[in-house]
Participant: 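Below you'll find the structure I mean.
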Amino acid sequence: MKIVEAGKNAAQTVVQTAMAKLVPLAPDSWIPGGVPDPLIRHKHGLIGTSVSRLDGPLKVQGAARFAAEYQMDNLAYAALAYATIPRGRIASIDTAAAEASAGVVLVMTHRNAPRMNAPAVFGSSPTAAGPADLPVMQDDSVHWNGQPIALVLAETQEQADHAASLIAATYETAPFTTSFAQARANGTEQGLFMGQPLLNETGDAEQALAAAVHRVDNLYTTPRHNHNAIEPHAATIAWHGDELIVHDASQLVTAEAATLAGVFDLEAEQVRVTSPFVGGGFGGKCLWDHQILGAAAARIAGRPVRIALSREGVYRIVGGRTLTEQRVALGAQADGTFDALIHTGVAAMSPHNNMPEPFIMGTRSGYAAGAVKLQVEVTKMNMLANTFMRAPGESVGTFALESAIDELAVELRMDPIELRIRNEPEKDPTSGLPFSSRNIVEAWRAGAERFGWSKRHAEPGTRREGEWLVGIGCATATYPYYRMPGGVARMTLRADGAGGVRAKVEVAAHEMGMGTSTTTAMVAADRLGLALDQVEVAYGDSLIPGAILAGGSQQTAAIGAAVIAAHRALVGELLKLAGNDSPLAGLSVEEIGGDEGGLAKLDDPARRESYASILARAQRASITVTEAATPPLEQMHWSMHSHGAMFCEVRVNSVTGEPRVSRFLGSFDTGTILNAKTARSQFRGGIVMGLGLALMEETQFDERNGRIMNPSFAEYHVPVHLDVPEIDVIWTDIPDPHTPMGAHGIGEIGITGVGAAVANAIYNATGRRVRDLPITLDKLL
Ligand code: MOS
C-alpha cells in the first residue's frame with residue numbers, strides 16, 4: 001500500500017512537472033478561462049449589487065447554530081490541561097484529584113487515550129489538514145509549552161474546567177530552543193511553501209545593489225500573532241458505532257473529515273464534519289488537537305462530547321502567525337528605476353509543521369528590477385506549530401517591502417506613488433508569465449484623487465494640529481488569485497407546484513461570516529436566471545461531494561467554477577429533456593443562458609422556454625446534476641493577482657507618542673465585485689486587522705521557556721471601534737477575463753499593505769522610521 005502510494009505520488013510529480021512546463025506555452029483557448037465566459041459581460045440583475053447576508057436574520061435572532069451550540073442527549077463537556085515546559089517528557093501526572101472531582105466522567109491522558117495515528121500535516125496531500133505531523137497524546141513527550149497533557153470530561157463545563165485545574169504534572173525537561181537568536185545560531189534552512197522553495201534569483205542582485213547610485217538596505221521585524229476569531233474554537237462530537245460526526249467550526253470540512261478518518265483508522269465515508277456557521281476563520285479554523293482529543297474522549301466515554309476552547313486555550317493549542325526578520329534592499333537609478341531588489345530573511349517554525357511565513361510571495365510579482373533576489377529561510381524553535389493567518393506572507397512581507405519603497409522615495413526625493421508606477425512590470429518579473437489582469441495604476445490614480453494625495457506635505461514633521469503631528473502615507477496591497485482543484489457543485493432544479501421552479505445548489509464550502517452563502521446564491525441565481533429567493537444554498541458539510549477550502553481567498557472562485565460547470569451540465573440535461581418540440585431545439589449549451597425562469601438563446605432571447613415548461617413536458621418533478629469544476633490551469637498560464645493602493649492618514653501625539661489613524665482608503669483592483677455590500681465589509685475587515693498588525697498585535701512569547709504570556713484580550717490588543725476611523729473603499733471593477741465570473745478573491749488582500757501605509761504615514765507625520773511591528777507609542781517617543 002505504501003509502495004503503491006509512493007508510485008502514485010511519483011507519477012503525479014512527473015505529470016505536475018510536465019504540466020508546469022507545458023501549460024504556460026499552451027494556446028489561451030486550451031485553458032479554463034482562456035475563452036472568456038460570455039456571461040462576464042452579460043449583465044444580469046444581481047452581480048455587483050449590494051445584497052445583505054441571507055443568513056443575517058438567523059444570526060441576529062440567535063437562531064444560527066454554531067459548533068458549540070449543538071444539543072445532544074447525554075452530552076459531556078471537555079476541558080484541557082496544558083504542559084508548562086517547552087520540550088521534554090511528563091515524569092508524573094496525578095489525575096486522582098480530578099477524577100474525584102464533582103461531575104467528572106473521564107480523565108484522559110497519554111496513559112489511557114486510544115491508539116491514534118498522527119494526523120497528516122497540511123500540504124502533505126490534498127486531503128491533509130493536520131497542524132503538524134505529531135501524534136496527539138500518544139506518549140509522555142512534550143513538544144511545546146501549552147501542549148495538552150490531559151482532557152477532563154464532566155457533566156458541565158464548569159465541573160470540567162475545575163477538574164482540569166486539579167491535574168498536577170511533573171516534567172523532565174529536554175534541551176530546547178525558545179529564543180530566536182539561539183535558533184538562528186543553531187542554523188537556518190531553505191523555506192518551502194507547499195513543497196516549493198521560497199527562492200527566486202535573477203542576475204546578481206548584490207552586485208547591482210553595490211553599483212546602484214541610490215540605495216536603501218534595512219532590516220524589518222514582525223512579531224508572532226495569535227488567532228483571535230470572535231468565536232473561539234469548538235466542536236460537538238458524537239460516535240454512532242464506528243461513524244464519527246463532528247459539528248465543527250471549520251474552513252475545510254472535506255479535508256478535515258479525511259484527516260480524522262486517517263487518525264482513527266476509518267474510511268473517509270465514516271466521518272462527517274459539518275460547519276454551517278463559523279465565527280471567523282482567518283486560517284486558524286482547521287484541524288487542531290482539540291477535535292482529535294474530543295473524538296477520542298467521546299469514544300472512550302461512550303458519550304457525545306462538546307469541546308469548547310477558552311480564549312486561553314486558543315492561545316495554547318491553535319497556532320498563529322510566526323515571527324520574521326526581513327531584509328529589503330533596493331538599488332535605483334536617479335529616475336527611480338530599480339536596478340536591484342533584494343527581499344530575504346528568516347521566519348521561525350516548529351520542527352513538526354509545514355508553514356514558513358512566505359513573506360516574499362507578494363514581492364515576486366510586485367516590481368520590475370534589473371536583478372532580483374528573494375528568499376525565505378526558516379529556523380526551528382520548540383513552540384506551537386505556526387499556521388496560516390490572513391494573507392500569510394503578504395501581510396508582513398508588504399510591511400517590509402512597501403516601507404523600503406517609501407524609504408527609497410525619501411532618498412530619491414520622489415513621490416512614492418510615482419516611484420511605484422515607474423517600476424510597474426510588463427509581465428511577471430519572476431515567472432515571466434503575462435498578467436491575466438493588472439490595473440494597479442488605475443487603482444493608484446483613483447485612490448490618490450479620492451484621498452487628496454496631492455495635498456501631502458512631502459517634508460516629514462511639517463503638519464501640526466495642536467500637539468498632534470499629522471501625516472499621510474501609502475503602500476501597495478497585493479494577494480494572489482488562487483483556485484484550488486477539487487471543487488464540485490450539485491445543482492437541483494425542482495418544479496415548485498405553482499408553475500415555477502426552485503433551485504438548490506450544494507457545495508462543500510464554508511460560511512465564516514464573509515457572505516459566501518449569499519454570494520453563492522447570487523452567482524447561481526444569476527446563472528440560472530432565477531430570483532435570489534428561488535435559490536437555496538447548502539454548504540458546510542463533508543457529505544456534499546467535492547472539496548472547497550475556505551482559504552487562500554480562493555473559495556468564491558472555486559465555488560464559481562463549480563457552479564458554472566454544474567450549470568452547463570444542467571443546461572445540457574434540460575436541452576435533452578426539451579427535445580425537438582422546444583424553441584431551443586438545435587441549440588448548443590454554449591449558445592444558451594438562464595434568463596427569467598428559463599433558458600434563452602444568448603443573442604436572441606425571444607427563443608426561450610421556461611424551466612417549468614421543460615420539466616412538465618418531460619414529466620419530471622426535478623433534475624439534479626453533479627459536476628466538477630474545470631482544473632485550475634489558468635494559474636499556470638497567467639500570473640494572476642489582486643492589487644490595491646492603500647492610503648492612510650495618521651496623527652501622532654508629540655507629547656505622548658500615541659499614534660491614531662484618522663483616515664484610511666483602500667482602492668482595489670480585484671476583478672468583478674460580486675456583492676458590493678459584503679465585499680466592502682471584507683475589505684474593511686482586512687484593513688481593520690491590518691491596523692491591529694501595524695499598531696497593536698503582538699504575542700508576548702517568553703523566550704526563556706516558550707510560554708505565551710498574554711493569552712487574553714486584556715493583554716493581546718486588537719483594534720476596537722475607537723481605534724478605527726471611517727474606512728473608505730473603492731474598486732476598479734474591471735473583470736479579469738480569465739477567471740470564473742471575472743472575479744478575484746478579496747478575503748485577504750485588505751490586510752496587506754496596511755502595515756506599511758501606517759508606518760509610512762507615521763514617518764511623514766514625525767520623521768520617525770519604525771521598522772519593527774507593532775508601532776507602539778514607546779517607539780515614537
Ligand atoms: Mo486564509 S490565512 O488562507 O484562511
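Order of listing sets the numbers, starting from 1, for every ligand and every atom in it.
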Participant: Quick check on side chain to side chain contact (heavy atoms under 4.5 Å, CB included): which of Arg390, His225, Arg321 does Ser395 satisfy it with?
Facilitator: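 By the side chain to side chain contact (heavy atoms under 4.5 Å, CB included) criterion, Ser395 pairs with just one of Arg390, His225, Arg321: Arg321.
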Participant: Compute whether any side-chain donor of one residue and acceptor of the other, for Ser517 and Glu511, lie under 3.5 angstrom apart.
Facilitator: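 The criterion, which ignores hydrogens and geometry beyond distance, is satisfied for Glu511 and Ser517.
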Participant: Counting heavy atoms not belonging to Lys677, are there more than 12 under 6.0 Å from its NZ?
Facilitator: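 Counting neighbours around NZ of Lys677, 12 or fewer heavy atoms of other residues, nucleotides or ligands fall under 6.0 Å, so no.
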Participant: Would you kindly say whether Asp428 and Ser639 are connected by a side-chain donor-acceptor distance under 3.5 Å?
Facilitator: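 Yes, Ser639 and Asp428 have a side-chain donor paired with an acceptor closer than 3.5 Å.
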Participant: Any idea how Phe683 and Trp731 line up, ring-wise: parallel (<30°), tilted (30 to 60°), or perpendicular (>60°)?
Facilitator: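 Ring orientation, 0 to 90° scale: tilted.
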Participant: Need the list: ligand 1 N/O atoms against protein N/O atoms, distance under 3.5 Å, rounded to one decimal.
Facilitator:
from, atom 1, to, atom 2, distance (Å)
ligand 1, 3 (O), Gly552, N, 2.6
ligand 1, 4 (O), Gln251, NE2, 2.9
ligand 1, 4 (O), Gly283, N, 2.9

Participant: Side chains of Ser553 and Glu748 only: does a donor on one sit below 3.5 Å from an acceptor on the other?
Facilitator: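 A pair is found: one side chain offers a donor N or O, the other an acceptor, under 3.5 Å apart.
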